[in-house]
Asker: 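Here it is: the structure, laid out below.
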Amino acid sequence: MKPKKTEQQLLMDQRRIKRDAVASMGLDPYGGRYENVVSTQGVRSVGESLGLGPGERSSSSVRIAGRIMLHRVMGKLAFFRVRDGEGQMQIGLSRADMGDDQWALVKTLLLGDIIGVEGTIGKTKTDELTVWATQVTVLSKALRSPPEKWHGLSDVDLRYRMRYVDLFANPKVRDVFRLRSSIVHAVRQYLVNEHYFEVETPVLQPIYGGAAARPFTTHHNTLDLDLFLRISPELYLKRLLVGGMDRVFEISRNFRNEGISTKHNPEFTMVELYEAYADYNVMMDRVEGMVSAAFAVSTKSAVPLRAAWLEDEIRRIKEDKGEPEAQEFADEHHVEVYIEARDAIKAGRQVGVFNGVALDFTPPWSRKKYADLLQEYAGVSITDRAAVHAKAKALGIVVANKADAVVINDVFEATVERHLIQPTFVYDYPAAICPLTRRDPEDAAVALRFEAFAATMELGNAYSELNDPDIQRENLSHKITGEGDETMAIMDEDFVMALEYGMPPAGGLGVGIDRLVMLLTDCPSIRDVILFPLQRPLASGGS
RNA sequence: GAGGAUGUAGCUCAGUCGGUAGAGCAACGGCCUUUUAAGCCGUGGGUCCAGGGUUCGAGCCCCUGCAUCCUCACCA
């Protein structure tokens with residue numbers, strides 16, 4: 001019995017027929033090298049400089065290449081819209097201009113095919129810049145249709161599973177990853193300018209450390225050795241301080257075997273840096289410097305563009321559908337917030353928009369003491385053990401078998417964090433939960449540590465680094481009660497031995513790159529800034 | 001882990017009271033030399049997430065499971 005073909009298979013059969021038609025013309029349906037290509041943006045700037053009026057054509061010839069995203073054929077004339085890595089461009093195809101052989105080829109082309117077009121720059125009667133084709137080259141016939149041309153691919157599951165489709169179907173997605181690339185580049189450039197140098201340390205570690213999280217485990221066969229994927233590069237980078245690398249950084253993919261959420265992916269990217277002879281105050285400057293550099297290459301230009309687009313859109317909706325719809329659109333897209341941010345940027349401030357809230361990254365960020373925030377929002381003194389425990393119980397926090405510092409931190413997270421909207425440094429943490437941090441010389445219960453928050457998210461974490469080997473060994477030699485299995489207190493004798501040779505006093509800092517990108521590009525989910533976020537594979541193993 | 005939402009054609013989505021499964025886009029055939037989500041005529045396309053139950057009859061009601069998203073918890 002012949003199994004009935006699905007619609008998908010039938011559609012692909014039809015596309016195979018067109019592909020084979022190309023082959024029967026003696027052409028390779030999968031193309032080959034195509035030279036002297038100009039980007040659509042390049043054509044656009046050339047086109048604008050020609051000063052063409054509606055309906056005029058120039059004699060300057062160009063070649064572009066890209067995917068057919070819009071396809072209109074009218075008898076002996078056709079308009080396609082072709083998208084490349086930078087943008088899109090309309091091409092016009094006329095049977096009279098191209099000749100019968102080329103026209104036969106044009107008729108085999110479908111949405112989603114990748115083509116090369118040689119032609120002359122002109123404008124249509126409606127004043128749209130258009131490349132009028134003289135020669136079309138098939139570069140890759142697509143067997144599957146692209147998604148719906150108006151809505152694109154909107155099923156979130158499919159978008160992540162088939163990011164390759166998401167990227168060409170939804171231009172905004174590509175913009176986000178372009179911004180991500182710029183942000184990473186700016187962060188790297190900032191640190192290099194500050195005389196840091198970039199290193200790479202092991203991802204496969206025999207002992208994991210530097211953070212409190214469960215690791216992924218793996219195994220090396222030849223050495224018959226269990227290994228962990230790093231949860232943090234911290235202990236290796238500090239060894240480099242001992243070795244005399246005074247300013248080092250690593251852009252580090254870390255792996256934590258924990259839950260998945262809009263703010264957590266099992267693998268994520270951090271920039272982690274160490275600076276000898278500095279302390280955590282210097283690290284605050286570094287955060288501000290890095291974020292400023294990143295802002296300058298992303299949000300600074302993206303927000304005004306977005307604001308302008310939103311204003312256009314509202315004007316159009318008002319004309320087409322009326323005031324109430326326009327207002328609804330404005331509310332939904334936080335238009336006033338974008339306009340407010342745009343005006344602030346014009347005035348020289350570093351203001352972005354995240355989740356409908358304006359965030360002001362202009363240095364200096366506000367700096368708040370951990371204990372003061374606890375007093376302000378939880379209403380308890382950090383030194384008043386009874387009050388802290390009473391507050392914890394009132395909040396429904398389990399107190400039993402937890403060290404005091406853990407209880408304090410639980411209360412802090414439950415009461416304070418949600419108020420940390422604007423970029424803020426929270427400094428001076430309870431020492432007992434900071435085993436790798438130098439103590440305040442005036443108060444042994446305080447660790448010289450800060451976390452950077454924005455939009456209630458932890459963006460970064462920094463210490464004045466502990467460099468006393470005996471205290472370090474002591475801190476690592478017993479678990480912090482109440483932290484469960486996830487604890488930083490895992491002894492690494494080699495690391496402590498390194499400290500015994502003498503590590504310079506230093507400031508150290510980690511900043512979550514994914515979260516920074518989220519904040520600067522207004523993406524409320526970490527999956528929108530990671531190209532291939534982890535997902536459970538489909539049982540059937542296909543789409 | 002708890003709660004909520006969603007799952008229907010390749011894509012985007014309707015589906016009323018439980019009574020033969022719908023549209024647009026895409027595709028196929030035809031017409032069309034200035035389209036702007038092109039248009040007009042016609043055609044094909046369905047494991048209604050999976051399994052069970054109630055019923056004469058289930059896309060719709062009930063139960064179980066799966067997947068995804070959101071919120072909370074966890075993840076300093």
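Letters A, B, ... mirror the listed sequences (proteins, then strands); counts begin at 1. The figures that follow rest on heavy atoms only: side chains count, while hydrogens, waters and symmetry mates do not.
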Asker: Tell me which nucleotide among B:C75, B:C25, B:C28 gets nearest to the side chain of A:Glu258.
Answerer: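 Between B:C75, B:C25, B:C28, the one nearest the side chain of A:Glu258 would be B:C75.
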Asker: When you compare B:G24 with B:A9, how far apart are their C1' atoms, in angstrom units rounded to a whole number?
Answerer: 12 Å
Asker: Evaluate the ring planes of A:Tyr429 and A:Phe412, with Trp represented by its six-membered ring, and classify them as parallel (under 30°), tilted (30 to 60°) or perpendicular (over 60°).
Answerer: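 A:Tyr429 vs A:Phe412 ring planes: tilted.
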Asker: Taking 4.0 angstrom as the limit, do A:Lys368 and A:Asp372 come out as a salt bridge?
Answerer: no
Asker: Take atom CZ of A:Arg316 as the centre, draw a 6.0 Å sphere, and report whether it contains more than 12 heavy atoms from other residues, nucleotides or ligands.
Answerer: no
Asker: Can you tell me the Watson-Crick or wobble partner of B:G39, both distances under 3.5 angstrom?
Answerer: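 The answer is B:C31, by the H-bond criterion.
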Asker: Taking the minimum atom-to-atom distance to the side chain of A:Leu111, which one of B:C69, B:C32, B:A26 wins?
Answerer: B:A26
Asker: When A:Glu465 is tested against each of A:Lys238, A:Arg438, A:Arg439, A:Arg449 for salt bridge (Lys or Arg N to Asp or Glu O under 4.0 Å), which residue passes?
Answerer: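 It is A:Lys238; the other options fail the test.
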Asker: In plain terms, say whether A:Asp97 and A:Arg57 are close enough for a salt bridge, that is, a side-chain N and a carboxylate O under 4.0 Å apart.
Answerer: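 Counted as a salt bridge, because a side-chain N and a carboxylate O are separated by less than 4.0 Å.
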Asker: To the side chain of A:Pro147, which of B:C13, B:C11, B:C28 is closest?
Answerer: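 Among B:C13, B:C11, B:C28, the one nearest the side chain of A:Pro147 is B:C11.
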Asker: Just to confirm, is there a sub-4.0 Å distance from OP1 or OP2 of B:C75 to any side-chain nitrogen or oxygen of A:Lys263?
Answerer: no
Asker: For A:Lys76 and B:G30, give me the distance from atom NZ to atom P, rounded to whole Å.
Answerer: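 Distance, rounded to whole Å: 13 Å.
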Asker: Could you check which nucleotide pairs with B:G18 in any of the strands shown, counting Watson-Crick or G-U wobble with both distances under 3.5 Å?
Answerer: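 Paired with B:G18, as far as the under-3.5 Å criterion goes, is no nucleotide at all.
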Asker: Between A:Ile91 and A:Thr130, what is the shortest heavy-atom contact and its length?
Answerer: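 Minimum heavy-atom contact is C-CG2, 3.8 Å.
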Asker: Considering only side-chain heavy atoms of A:Gln535, which listed nucleotide, B:C69, B:C25, B:G45, is closest?
Answerer: B:C69
Asker: Nearest to the side chain of A:Glu148, which nucleotide is it out of B:C11, B:U33, B:G29?
Answerer: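 Ranking B:C11, B:U33, B:G29 by closest atom to the A:Glu148 side chain puts B:C11 first.
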Asker: Starting the side chain at C-beta, find the nucleotide from B:U34, B:A26, B:C70 nearest to A:Ser525.
Answerer: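 Per side-chain heavy atoms of A:Ser525, the pick is B:C70.
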Asker: Of the residues in residues 92-104 of chain A, which ones touch RNA chain B at a heavy-atom distance under 4.0 Å?
Answerer: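 RNA chain B contact set from residues 92-104 of chain A: A:Ser94, A:Ala96.
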Asker: Which one is paired to B:C72, where only Watson-Crick or G-U wobble pairs with both distances under 3.5 angstrom count?
Answerer: B:G1
Asker: Side-chain N or O of A:Lys123 less than 4.0 angstrom from OP1 or OP2 on B:U34?
Answerer: no
Asker: Kindly indicate whether the side chain of A:Gln90 and the base of B:U35 share any N or O donor-acceptor pair separated by less than 3.5 Å?
Answerer: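 Yes, a donor-acceptor pair under 3.5 Å.
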Asker: Taking only the side-chain heavy atoms of A:Leu11 (C-beta and beyond), determine which of B:G10, B:G45, B:U68 contains the nearest atom.
Answerer: B:G10
Asker: When the C1' atoms of B:U47 and B:U34 are compared, how many Å lie between them, rounded to an integer?
Answerer: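 Between the two C1' atoms, the distance is 46 Å.
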Asker: Heavy-atom count around A:Asp312 CG within 6.0 Å, excluding the residue itself: above 12?
Answerer: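 Yes, because the 6.0 Å sphere around CG of A:Asp312 holds more than 12 heavy atoms from other groups.
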Asker: Categorize A:Arg57 for me: base, sugar-phosphate, or nothing, with a 4.0 angstrom heavy-atom threshold over every strand shown.
Answerer: base
Asker: Can you check the distance between B:A73 and B:G18, where both ends of the measurement are the C1' atom (answer in whole Å)?
Answerer: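 Each nucleotide's C1' atom is 40 Å from the other's.
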Asker: With respect to the side chain of A:Glu7, which nucleotide from B:G45, B:C74, B:A67 is positioned closest?
Answerer: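 In terms of side-chain proximity for A:Glu7, the closest of B:G45, B:C74, B:A67 is B:G45.
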Asker: Hunt down the Watson-Crick or G-U wobble partner of B:G44, both distances under 3.5 Å, from any strand shown, or write none.
Answerer: none
Asker: So, OP1 or OP2 of B:C69: does either fall under 4.0 Å of a side-chain N or O from A:Arg527?
Answerer: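 Answer yes for this pair, as a side-chain N or O of A:Arg527 is under 4.0 Å from OP1 or OP2.
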Asker: Between A:Thr130 and B:U35, does any side-chain N or O lie under 4.0 Å from OP1 or OP2?
Answerer: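 Checking A:Thr130 against B:U35: no side-chain N or O falls below 4.0 Å of OP1 or OP2.
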Asker: With rounding to the closest Å, how many angstrom separate the C1' atoms on B:A58 and B:A21?
Answerer: 13 Å
Asker: Considering just the side-chain nitrogens and oxygens of A:Thr262, establish if one lies under 4.0 Å of OP1 or OP2 belonging to B:U71.
Answerer: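 It does, given that an N or O in the side chain of A:Thr262 lies less than 4.0 Å from OP1 or OP2 of B:U71.
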Asker: What's the gap between B:G22 and B:U8 when it is taken at their C1' atoms, as a whole Å value?
Answerer: 10 Å
Asker: Do you know the tightest heavy-atom contact between A:Lys263 and A:Ile526?
Answerer: O-CD1, 3.7 Å
Asker: Under a 3.5 Å limit for both distances, which nucleotide forms a Watson-Crick or G-U wobble pair with B:G57, could you say?
Answerer: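 In the structure as shown, B:G57 has no Watson-Crick or wobble partner.
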Asker: What is the ring orientation for A:Tyr280 with A:Tyr427, classed by angle as parallel under 30°, tilted 30 to 60°, or perpendicular over 60°?
Answerer: perpendicular
Asker: Is any side-chain N or O of A:Arg256 closer than 4.0 Å to OP1 or OP2 of B:C75?
Answerer: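 Checking A:Arg256 against B:C75: no side-chain N or O falls below 4.0 Å of OP1 or OP2.
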